[in-house]
Amino acid sequence: MTIDILYFAWVRERIGLPRETVETAAPTVAALVDELRAREERYAAAFADLSALRVALDQDMAGFDAPLAGVREVAFFPPMTGG
Amino acid sequence: MTIDILYFAWVRERIGLPRETVETAAPTVAALVDELRAREERYAAAFADLSALRVALDQDMAGFDAPLAGVREVAFFPPMTGG
Amino acid sequence: MAVRVQAEAFDHGAEVAAFGQGGRDTGAVVTFLGIVRDDSGRMTAMEIEHYPGMTERALQAIEAEARARWDLTDCLILHRHGRLAPGEPIMMVATGSRHRAAAFAAAEFLMDYLKSRAPFWKKEIGDDGAAWVAARDEDEAALSRWQPKG
Amino acid sequence: MAVRVQAEAFDHGAEVAAFGQGGRDTGAVVTFLGIVRDDSGRMTAMEIEHYPGMTERALQAIEAEARARWDLTDCLILHRHGRLAPGEPIMMVATGSRHRAAAFAAAEFLMDYLKSRAPFWKKEIGDDGAAWVAARDEDEAALSRWQPKG
């Protein structure tokens, strides 16, 4: 399936781009993260500590164990600091 | 001693004046209230239910058992409803 | 820091714009604005009586207590008296602090104490007569949360 | 009722003046104003990144939850993004209700959820470099008070 991946804040800076489109068969977010980590050092660095990351699926917060079936947009970012 | 007595809100309306000066030897607020009640029906009506009244001595909240020695200004009023 | 008691209308926006100026350490400003509400639909005015002298004293004491409890960068209490129309602002408080928790807590504290401890009395004037507003039990009860447990 | 996400500056006073108009049942308006604080004294700017689309969605969900929990006569959430200078307003919320308790509670709820659940990230730009603001444990902890006990 084709998925848009978005990166924000220091995740974006570490990976070096704000968004990309990937072809993947990963069944869960965690599986997608494993695929990304295997690509290049900058991905491995960005995803080194999942406890420092949050994920949204189609703009709703989700867990790393969430299934990717039917998802169009995945976003990775640090804990929010608005307000 | 000479004391200024101030009345506010419905206490003022019931007694019919905003302030008056009295000569009294009352040792406490409660004793002063007894003297006022004995004066006229409108005072008796205003002071009928002390639980519905509050008192301030020289502009600080006090109880009905507070002594009057040294006090210049006594105010009677219902519970506050500001804000 | 200011306590003001006045008959004149005030501009909430202008007060807030002037609030907490001059420092770079205010990160949070909380304001409360009280407005004359017309529950019955028949109110023509709200008359607010107060105790000149004691009012300022009570508000200053309440403000000093808030400043002792929380680290505030600025604080304002403004209350009107006299005759107001439905929809008119009655009063406001504003609190400034580095973080939101202190600003919120101090503003609620100021309101709770002001409601039950500052000498103001409201009278509703309507087509069909006038009535003093009764104190609400929950306003008195609200004070208990600021008292030491034990 | 409104949720706005914008790069442009806003006028807190004008927003409040326009707030809750049209009804005679708003007796209490609580506002929170967030301002860029310069703790170090060396900050030149605050850069606020957000997630367009999800931001509006998250704020609308937070607002809907507040309206379900409290009887509000009006509600506003406004948050800026982009580059701001120290002292500039970042965001505001406003809540209107008949009585103060609901207006205060709803404003605090909106702030607590917005802090930890709306996709904004702050970066401090200084003379000596830039750093992302870290999430504060107490912001996450603040959410627990709104969850059902049990």
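Sequence lines set the chain letters: A, B, ... in the order given, protein chains first and strands last, and positions in each chain run from 1.
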Pairs of heavy atoms under 4.5 Å with chain C: top-ranked of [options]:
options: D/A142, D/G41, D/P86; answer: D/P86
options: D/V93, D/I90, D/L33; answer: D/L33
options: D/T31, D/I35, D/T95; answer: D/T31
options: D/E15, D/E138, D/M92, D/K115; answer: D/K115
options: D/A107, D/G34, D/A14; answer: D/A107

| query | Which heavy atom of C/D25 sits nearest a heavy atom of D/R37, and at what distance? | reply |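 Residues C/D25 and D/R37, closest heavy atoms: O-CD, 3.4 Å.
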
| remark: When every non-hydrogen atom of D/V30 is compared with those of C/V30, the smallest separation belongs to CG1-CG1, 4.4 Å

| note | residues 86-100 of chain C vs salt bridge (charged side-chain N to carboxylate O under 4.0 Å, His left out), sequence neighbours excluded, gives C/R80-C/E88, C/R98-D/D39, C/R100-D/D112, C/R100-D/D139

| field | By ring-ring contact (aromatic ring centres under 6.0 Å, His included) - contacts of C/F120 (at least two apart) | value |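 Checked C/F120 against ring-ring contact (aromatic ring centres under 6.0 Å, His included); matches are C/H50, C/H79.
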
Should the heavy atoms of other residues, nucleotides or ligands under 6.0 Å from [atom1] of [X] be counted, would the total exceed 12?
X: D/D127; atom1: CG; result: yes
X: C/D137; atom1: CG; result: no
X: C/D11; atom1: CG; result: yes

| query | Any residues in residues 59-70 of chain D near chain C, with a heavy-atom distance under 4.5 Å, and which are they? | reply | none

| query | Between D/A103 and chain C, which part of the residue has a heavy atom less than 4.5 Å away: side chain, backbone, both or neither? | reply |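 When you check distances to chain C, no heavy atom of D/A103 falls under 4.5 Å.
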
| task | With a 4.5 angstrom heavy-atom cut-off, could you sort out which part of C/M43 is near chain D: side chain, backbone, both or neither? | result |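 It is the backbone, since no side chain atom gets that close.
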
| query | Partners of C/E8 by side chain to side chain donor-acceptor pair (under 3.5 Å), sequence neighbours excluded? | reply | none

